[in-house]
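For the numbers below, each heavy atom of this structure counts, side chains included, while hydrogens, waters and symmetry mates do not.
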Amino acid sequence: MYEIINNIKCYAPELAHANKDFPVEAFEVLYAAEEGHFWFESRNRVIQHLFSRFVGKDYAADVLEIGCGTGFVLKGLSEVFPQYRLKGSEIHLSGITFAQKRLPQVEFIQLDATKMPFRESFDAIGAFDVLEHIEQDEIVMQQVGLALKKGGYFFISVPQYQWMWSITDDMAYHKRRYHRTELHQKLEKAGFEVLYMTSFVFALFPLMVLHRLLNKRNKQAESELKANNEILIHPLLNRSFKIVMKIDEWFIRRNLSLPYGGSLIAVARKKM
């Protein structure tokens, strides 16, 4: 059952306006920053390649994104795969407000990913930088498995390496960063076969490590650290990083697995 709030189906209405897993004020920042940002754009191209490789372009796949935020990934999918039947879900109604601006034609719903209301409904489900916000990530994986059709695909991106923890993770309400082995084991335990896994932000990783280490040593007030958020980046650096990220994309388009990086990207298939 669900409630209708602001014309949105809400399956977890008690969590629609506030919860401890994501800062609501971040949606406005993301909405303004994603378009043109080197990391978000590069991640979208990688996701599009992986959908093309595993789901394909030739039929109207039913696709759900959980934790869709402001709809940036769904917009990218809609542009490359117009035949997909897309649906977006978010626990915060605030995020859906921004997503609807980008994709007024897409249905958005509010739900708690640990209690999904679907059974064998989707050909593919995506969770892009979502699992690290949820304490019960293994329950989410199990719920995704129930919501997927037999042989359906689960696409994931998460931050990598617990030793990379920084103020950025604190500000984003992260519960953890992942190791490749941990993510692989959790997916298999939830009934998935891992088909592909790669690191991401490989070419820029040395700079990322340096930035995180400097932030750990930074003793300024939290308000000043927020101004140093990795989402907010100088335009010249952004243009330069866009070029460097092409290295990651080149390897991933050739279906190679990068050995290290700031994130992990995985594709898993529900076992038959």
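Ring geometry for F155 versus F54: interplanar angle over 60°, hence perpendicular rather than tilted (30 to 60°). Ring planes of F122 and F118: perpendicular class, angle over 60° (limits at 30 and 60°). Aromatic ring orientation, F38 versus F241: perpendicular (interplanar angle above 60°, classes split at 30° and 60°). Between Y260 and F202, the ring planes lie tilted relative to each other; the angle falls in the 30° to 60° range. In this structure, F98 and Y31 have tilted ring planes: the angle between them lies in the 30° to 60° band.
No side-chain donor-acceptor contact under 3.5 Å links S52 to the backbone of Q48. Counting only distance, with no hydrogens or angles, the side chain of Q160 and the backbone of G261 share a donor-acceptor pair below 3.5 Å. Remark: the backbone N or O of G36 is paired with a side-chain donor or acceptor of K242 at under 3.5 angstrom. Checking side-chain atoms of N6 against main-chain N and O of I8 turns up no donor-acceptor pair under 3.5 Å. Proximity of a side-chain donor or acceptor of D248 to a complementary backbone N or O of F200 within less than 3.5 Å is not detected.
With rounding to the nearest 0.5 angstrom, the CD1 atom of I96 is 10.0 Å from the CD1 atom of I91. With values rounded to the nearest 0.5 angstrom, E90 atom CD is found 9.0 Å from T70 atom OG1. Remark: I243 CD1 to N238 CG distance equals 10.5 Å, nearest 0.5 Å. To the nearest 0.5 angstrom, K186 atom NZ is 13.0 Å from H179 atom NE2. Separating the CG atom in N44 from the CD atom in E79 is a distance of 8.5 Å, to the nearest 0.5 Å. E3 CD to E14 CD: the interatomic distance, rounded to the nearest 0.5 Å, is 8.5 Å.
Between F27 and T97 there is no side-chain heavy-atom pair separated by less than 4.5 Å. No side-chain heavy atom of L264 sits under 4.5 Å from any side-chain heavy atom of S157. A heavy-atom distance below 4.5 Å is not found between the side chains of T198 and F251. Residues F108 and L74 meet the side-chain proximity criterion, which asks for heavy atoms closer than 4.5 Å. Counting only heavy atoms from C-beta outward, the side chains of K246 and W250 never approach each other to under 4.5 Å. Using a 4.5 Å cut-off on side-chain heavy atoms (C-beta onward), I66 and M116 make contact. By the 4.5 Å heavy-atom criterion applied to side chains, Q162 and R176 are counted as neighbours. When side chains are defined from C-beta on, H174 does not count as touching V158, because their heavy atoms never get closer than 4.5 Å.
Salt bridge E107/K87: present, at least one basic N to carboxylate O contact under 4.0 Å. The pair E34-R43 fails the salt-bridge criterion, with no side-chain N (NZ, NE, NH1 or NH2) lying under 4.0 Å from an Asp/Glu carboxylate O. At a threshold of 4.0 Å, the pair D137-K175 does not count as salt-bridged, since none of the basic side-chain nitrogens sits closer than that to a carboxylate oxygen.
Dense packing is recorded around NZ of K101, with more than 12 heavy atoms of other residues, nucleotides or ligands lying under 6.0 Å away. Counting heavy atoms of neighbouring residues, nucleotides and ligands inside a 6.0 Å radius, atom CD of E120 exceeds 12 of them. With a 6.0 Å radius and a threshold of 12 heavy atoms from other residues, nucleotides or ligands, K115 has its NZ atom at or below the threshold.
Smallest separation of non-hydrogen atoms from G67 and V130: O-CG2, 3.6 Å. Contact between A99 and G71 at its shortest, heavy atoms only, is CB-N, 3.8 Å. Heavy atoms only, all atoms of each residue included: F154 and A127 are closest at CE1-CB, 3.9 Å. Closest of all the heavy-atom pairs between V106 and L86 is CG1-O, 3.7 Å.
Residues H17 and H92 place their aromatic rings such that the two centres sit no closer than 6.0 Å. Taking the six-membered ring for Trp and the full ring otherwise, the centers of Y173 and F22 sit at least 6.0 Å from each other.
Transitive grouping of hydrophobic side chains (ILVMFWY, heavy atoms separated by less than 4.5 Å) keeps W165 and I134 in distinct clusters. Residues V194 and L148 share a single hydrophobic cluster, defined by chaining ILVMFWY side chains whose heavy atoms lie under 4.5 Å apart. When hydrophobic clusters are built by joining Ile, Leu, Val, Met, Phe, Trp and Tyr residues whose side-chain heavy atoms come closer than 4.5 Å, directly or via intermediates, Y153 is not grouped with V144. Connection of I109 to I5 is not established within any shared hydrophobic cluster, with ILVMFWY side chains joined at heavy-atom distances below 4.5 Å, either directly or through further cluster members. V73 and V267 fall within the same hydrophobic cluster, where Ile, Leu, Val, Met, Phe, Trp and Tyr residues are linked whenever their side-chain heavy atoms come under 4.5 Å apart, directly or through other members.
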Please report the C-alpha distance between L103 and S78 in whole Å, then the side-chain angles of each, then the deciding distance to 0.1 Å, and finally whether the side-chain contact (heavy atoms from CB on, under 4.5 Å) criterion is met.
CA-CA 9 Å; L103 293 162; S78 72; 3.6 Å; yes
Checking side-chain contact (heavy atoms from CB on, under 4.5 Å) for the pair S263/W39: CA distance, chi angles, key distance, verdict?
CA-CA 11 Å; S263 298; W39 186 85; 4.1 Å; yes
Hey, mind stepping through S121 and D62 against side-chain contact (heavy atoms from CB on, under 4.5 Å) and telling me if it holds?
CA-CA 8 Å; S121 301; D62 292 298; over 6 Å; no
Going through the distances and angles, do R180 and S257 end up as a side-chain contact (heavy atoms from CB on, under 4.5 Å)?
CA-CA 11 Å; R180 187 180 294 236; S257 178; 3.0 Å; yes
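Checked against salt bridge (Lys or Arg N to Asp or Glu O under 4.0 Å), D169 has the following partners two or more places apart in sequence or in another chain: R177, R212. Among residues two or more places apart in sequence or in another chain, the side chain to side chain donor-acceptor pair (under 3.5 Å) test is passed with R45 by E249.
Contacts classified as ring pair (Phe, Tyr, Trp, His ring centres under 6.0 Å) and involving residues 61-88 (residues at least two apart or in different chains) are given here: F81-Y84.
Looking at H49 and N255, their side chains do bring a donor and an acceptor atom within 3.5 Å of each other.
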